[in-house]
Novice: 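If you scroll down you'll find the structure; I have some questions about it.
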Amino acid sequence: MANWFMKTIYSVILAINSILYPASVFSTDTEYGIGIGIADITGPAAEVNMMGYAMPEQKSSGIHLRQFSRAFIIEDKNSSNRTVFVSIDACMGAQSVTLEVVKKLNVKFGNLYTEQNLVISGIHTHSAPAGFLQFVLFQVTSLGFVNQTYTALVDGIVESITRAHENIVDGNIYMNSGELLESNINRSPSAYENNPAKEQAKYKYNVDKTMVVLKLVDADGTDIGMINWFAVHCTSMNNTNGLISGDNKGYASFLAEQHFNKGVAPGKGKFVAAFAQSNLGDVSPNTDGAKCIDTGKPCERNSSTCDGKVEKCIASGSGVDMFDSTKIIGTSQYKKAMELYTSATIKLSGPVQFIHQFLDMTNMTVKYNDTYKGKTCKPAMGFSFAAGTTDGPGAFDFTQGDTEGNAFWNAIRDLIKEPSDELVECHKPKPILLPTGEIDFPYAWQPTIVDTQLTRLGQLFIIAVPGEFTTMCGRRLRDNVLQVCTISHYLEMYNAFFFSWYLLVSCGHCRFL
């Protein structure tokens, strides 16, 4: 398929505690084969555009934290089924990367690891080199493909999986979850409030505050690894930063691995800790909120502007600078993860299974209710896309929540490609700034075919999605998957949930980028 999309930009995690599998203390009886590996994926540290903020002037100029790929292989000891979860210190995954990774793994291991059982999830740092995706829209600010970035990602991911493969031991997985406060806020609160009041009333917060932790141990109960999921953007490092960094999640991984691998250089220890991403679309780490940088007053709430301009409305963290803010949010995730890790007693038990599919997102029928259906179409970027967010505002006169557009930018757009009447009608009320789904010069601007996955580890279901889901989108997905699983008799009791990230997401009143 010519237009395969980003493999898994973020993962959705649905943790289910079935009454068939009661909580237990550590046991010498092992449920799974577990392999863990880590490898460096640090890209070019000079003169390469960063991926995330879409700022042409934000170029790499050194290293704050090195990038790593953290791989976890879980094997069903009864069926020999295997699944691989890989968390990478990058903005996102990419189908171009996944295809090459699978190709190289095939040479090493045959058909043991394929796109069917491999999940690659980015932590969504905005401080890592760009140029590794295969669509024009994502290569504009990097001025095209950057082979150094791509090669570092592919080779590092393959190496981390190889090391995990070579280190498989009998072991157990324990799960825990808990609430982490003062570490994330909703950066689009007025958009969240457009969700039905009845739906909002189901939840205490306008962002997910729950962290889920998996504790991986060998047959003797020795600590060998950790995976956790918590919804927060890796934008503690702002768009003026030129240093490669895993941001707050990269720092949290660094702290956890240093704790278990004392005296060992980063990336060289046996214990591997992945702080994976979840439904972060409208979730910011900048807990001091958005303020007008010239007056210190709050920004206009609905449009995130100051005097009508988005450039002056910027959110900041609670630290003295972006490095301190990164440390604060990273440390809070690390401390909570360690608390949950040390007290984890819910033992995963059951089969390892996986399902993978490709979807043509230009031709999907969506059932809204018993009487009304809708249909998807080709992708397009709206005017609000160019406004950015309070974590990294855009430029010119674009504002968030724009449903009108304007004649000047329409004229500029039409010089590139005028959207068809069908596309305009489909995307209403969003005004189209770039009809990306209808542009194929010099090659496709945006994906139309994407893939989704569902991985099962006993009671735990991992839903890998190609979209930066917002808080409410993630909650709806969780509820729907839970309903389907319940109907299918996969599980009997709900325990906890979490998940991940980016692009062709249409979800009620969720914010469109």
Side-chain angles (χ1 to χ4, degrees), residues 42 45 50-55 57-67 89 91 123-128 179-189 205 207 209 211 230-259 266 273 275 277 280 282-301 304-307 309-339 388-395:
T42 307
M50 300 284 204
M51 184 67 196
Y53 288 116
M55 298 280 288
E57 60 271 30
Q58 188 196 12
K59 296 181 179 180
S60 59
S61 58
I63 298 175
H64 172 236
L65 294 170
R66 297 193 70 84
Q67 299 170 257
D89 293 341
C91 190
I123 65 170
H124 203 35
T125 175
H126 285 39
S127 295
E179 194 173 79
L180 174 57
L181 302 178
E182 300 180 356
S183 299
N184 60 359
I185 63 171
N186 196 304
R187 66 185 188 183
S188 300
Y205 303 106
V207 295
K209 300 284 187 180
M211 174 183 283
F230 180 72
V232 64
H233 253 83
C234 283
T235 49
S236 295
M237 303 289 282
N238 62 44
N239 61 17
T240 67
N241 172 52
L243 302 180
I244 290 175
S245 177
D247 209 279
N248 54 67
K249 286 187 178 290
Y251 185 70
S253 287
F254 168 79
L255 291 177
E257 288 167 355
Q258 287 293 292
H259 172 82
F275 282 70
Q277 200 48 271
L280 78 164
D282 53 354
V283 186
S284 172
N286 294 310
T287 53
D288 272 10
K291 298 181 178 65
C292 298
I293 58 174
D294 55 347
T295 66
K297 295 181 179 180
C299 306
E300 197 286 318
R301 196 167 186 266
S304 297
T305 58
C306 299
D307 296 326
K309 298 291 185 180
V310 295
E311 297 100 310
K312 295 181 180 181
C313 178
I314 299 177
S316 59
S318 56
V320 296
D321 56 25
M322 61 182 170
F323 298 98
D324 193 34
S325 294
T326 296
K327 182 177 180 180
I328 290 170
I329 300 302
T331 300
S332 70
Q333 289 180 79
Y334 158 71
K335 288 183 176 179
K336 188 64 182 183
M338 289 299 297
E339 173 193 325
T389 71
T390 56
D391 287 339

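This one's a predicted model, so the numbers in the text were calculated from it and none came from an experiment. Each residue takes its place number in the sequence, starting with 1.
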Novice: Closer than 3.5 angstrom, by distance alone: can the side chain of Thr305 be matched with the main-chain N or O of Val310 as a donor-acceptor pair?
Specialist: no
Novice: Closest heavy-atom contact between Thr125 and Ser245?
Specialist: OG1-O, 2.7 Å
Novice: Asn286 and Asp391: side-chain donor and acceptor closer than 3.5 Å?
Specialist: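 Distance-only check passes for Asn286 and Asp391.
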Novice: Answer yes or no: is there an ion pair linking Lys312 with Asp294, defined by an N-O contact shorter than 4.0 Å?
Specialist: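 Judged by the 4.0 Å cut-off on N to carboxylate O distance, Lys312 and Asp294 do form a salt bridge.
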Novice: Quick one: CE on Met211 to CG on Asn184, what's the gap to the nearest 0.5 Å?
Specialist: 9.5 Å
Novice: If you compare all heavy atoms of Ser284 against all heavy atoms of His233, which two are closest, and at what distance to 0.1 Å?
Specialist: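 Looking at all heavy atoms of both residues, the closest pair is CA-CB, 4.5 Å.
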Novice: Say whether, by atom type as modelled, one donor and one acceptor occur between the side chain of Asp324 and the main chain of Val320 under 3.5 angstrom.
Specialist: yes
Novice: Where is the tightest heavy-atom contact between Ala256 and Ala273, given as atom of each residue plus distance?
Specialist: CB-CB, 3.6 Å
Novice: In the structure I gave you, are the side-chain heavy atoms of Ile244 and His64 within less than 4.5 Å of one another anywhere?
Specialist: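 They are not in contact (no side-chain heavy atoms under 4.5 Å apart), so the answer is no.
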Novice: What's the shortest heavy-atom distance between Gly246 and Cys234, and which atoms?
Specialist: O-SG, 4.0 Å
Novice: Can you tell if the side chain of Thr42 reaches within under 4.5 Å of the side chain of Ile63, non-hydrogen atoms only?
Specialist: yes
Novice: Restricting to non-hydrogen atoms, name the atom on Tyr251 and the atom on Thr331 that form the minimum distance, rounded to 0.1 Å.
Specialist: CE2-OG1, 3.5 Å
Novice: Can you confirm whether Lys327 is buried at NZ, in the sense that more than 12 heavy atoms of other residues, nucleotides or ligands lie under 6.0 Å from that atom?
Specialist: no
Novice: Side-chain contact test, heavy atoms from C-beta onward, threshold under 4.5 Å: evaluate it for Ile123 versus Phe275 and give yes or no.
Specialist: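 Result no, sub-4.5 Å side-chain heavy-atom pair not found.
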Novice: Can you find a pair of side-chain heavy atoms, one from Met55 and one from Met50, that are under 4.5 Å apart?
Specialist: no
Novice: Roughly how far, to the nearest 0.5 Å, is CG of Asp247 from CZ of Phe323?
Specialist: 10.5 Å
Novice: Indicate yes or no: at least one non-hydrogen side-chain atom of Pro285 is less than 4.5 angstrom from one of Thr235.
Specialist: yes
Novice: Does any N or O in the side chain of Gln277 come within less than 3.5 Å of the main-chain N or O of Ala231, such that one atom is a donor and the other an acceptor?
Specialist: no
Novice: So do the side chains of Gln58 and Thr240 get within less than 4.5 Å of each other, counting heavy atoms only?
Specialist: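 Side-chain contact under 4.5 Å: no.
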Novice: So do the side chains of Tyr205 and Asn186 get within less than 4.5 Å of each other, counting heavy atoms only?
Specialist: no
Novice: Just how far is it from atom CD of Glu257 to atom OG of Ser253, taken to the nearest 0.5 Å?
Specialist: 5.5 Å
Novice: How long is the gap from CZ on Arg301 to SG on Cys313, to the nearest 0.5 Å?
Specialist: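 Rounded to the nearest 0.5 Å, the CZ-SG separation comes to 12.0 Å.
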Novice: Can Asp282 and Ser188 be said to form a side-chain hydrogen bond (donor to acceptor under 3.5 Å, both in side chains), step by step?
Specialist: CA-CA 6 Å; Asp282 53 354; Ser188 300; over 6 Å; no
Novice: Should we say atom CD of Glu57 is surrounded by more than 12 heavy atoms from elsewhere, each under 6.0 Å from it?
Specialist: yes
Novice: Calculate, to the nearest 0.5 Å, the distance between atoms CG and OG belonging to Asn248 and Ser183 respectively.
Specialist: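 Asn248 CG to Ser183 OG: 9.0 Å, rounded to 0.5 Å.
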Novice: What's the shortest heavy-atom distance between Ala252 and Gly330, and which atoms?
Specialist: CB-O, 3.4 Å
Novice: Should Lys249 and Gln333 count as side-chain neighbours, where that means a heavy-atom distance under 4.5 Å?
Specialist: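 Counting from C-beta outward, Lys249 and Gln333 do come under 4.5 Å.
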Novice: Atom CD1 of Ile185 and atom NZ of Lys209: how far apart are they, to the nearest 0.5 Å?
Specialist: 8.5 Å
Novice: Test Met237 against His126 for side-chain contact (heavy atoms from CB on, under 4.5 Å), laying out the working first.
Specialist: CA-CA 8 Å; Met237 303 289 282; His126 285 39; over 6 Å; no
